[in-house]
Amino acid sequence: MAHYIKNVFIPRDEIDKVVTQLAERISEDYKGKEIVMVGVLKGSFIFLADLVRKIQVPVVLDFMSVSSYYGGTKSSGIVKIIKDMDVDIEDKHVIIVEDIVDSGLTLQHLKELLLTRNPASLRVCAAFDKPGRRKTNIVADYIGMKIPDEFIIGYGLDFDGKYRNLPDVCILAIEGGNE
Ligand code: IMP
Ligand code: MG
């Protein structure tokens, strides 16, 4: 698919401010507790790395790998668990960390799955949110930034596996539209 990077949408210093604010809120909300933070691979890896270094309470890290996009820009609606987490979350305070909530199908599926493991609490933190595209009534507890219905890349987010390493969030233009 022909595509090009249209413009920088969220510059790195703005992202940093947002991540700092999120970390402050989380540190306050979980004062005196330990958190298990589960990064959803691959998109969350940069956000998670930035976030955990700003959090002031003990954190146990783990990862899950799921796939719902299969190379395009539109969700297939199918969520496949490629790698499950290793840590036992029973009676633990768990936060799922996602790059972006789009349809919400990935998070809904993950939340349902992790709830069957009886955590003490389960919340969701996402760097970005596209509320206009929601297909479920999932609400993320911690959101960095709400964005309009644009396809973004960089800061961990990819198009067809590429551009995750861009330090700023950029808008991708795709020939024939983003659908
Ligand atoms: P959902 O299940 O539709 O909420 O999709 C969530 C996943 O879709 C995210 O974790 C991303 O991997 C991917 N995604 C959704 N919107 C974008 C975008 O604008 N850029 C890059 N990836 C996206
Ligand atoms: Mg992705």
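Remember, it's 1-based here, ligands and their atoms both numbered in the order they're listed. Computation of the quantities below employed the complete heavy-atom set of this structure, encompassing side-chain atoms and omitting hydrogens, waters and symmetry-equivalent molecules.
Between Asp99 and ligand 1 there is a heavy-atom distance shorter than 4.0 Å. Contact annotation: Gly43 has no heavy atom less than 4.0 Å from any atom of ligand 1.
For ligand 1, one of its N or O atoms has an N or O atom of Ile152 under 3.5 Å away. Note: no N/O pair closer than 3.5 Å links Phe151 and ligand 1 by distance alone.
Using a 4.5 Å cut-off on side-chain heavy atoms (C-beta onward), Ile26 and Arg123 make no contact.
In summary, the atoms of ligand 1 found under 4.0 Å from a heavy atom of Glu98, numbered by their order in the structure, are 10 (O). Taking every non-hydrogen atom of Lys130 and a distance limit under 4.0 Å, the qualifying atoms of ligand 1 come out as 16 (N), 17 (C), 18 (C), 19 (O). Shown in contact with Ser103 at under 4.0 Å from a heavy atom are these atoms of ligand 1, numbered in order with element: 1 (P), 2 (O), 3 (O), 4 (O). Close approach to Thr106 involves these atoms of ligand 1, each under 4.0 Å from a residue heavy atom: 1 (P), 2 (O), 5 (O), 6 (C). Distances below 4.0 Å separate heavy atoms of Glu150 from the following atoms of ligand 1: 19 (O).
Ion pairing between a basic and an acidic side chain is recognised when a charged N comes within 4.0 Å of a carboxylate O; Asp99 and Arg164 show no such pairing. A salt bridge does not link Asp50 to Arg12: none of the charged side-chain nitrogens sits closer than 4.0 Å to a carboxylate oxygen.
Ring orientation note: the planes of Tyr142 and Tyr30 are tilted relative to one another, at an angle of 30° to 60°.
In this structure, Lys146 contributes its side chain and Pro131 its backbone to no donor-acceptor pair below 3.5 Å.
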So Arg134 and Asp129, salt bridge (charged side-chain N to carboxylate O under 4.0 Å, His left out) or not? Walk me through it. CA-CA 9 Å; Arg134 204 71 90 250; Asp129 184 16; 2.7 Å; yes
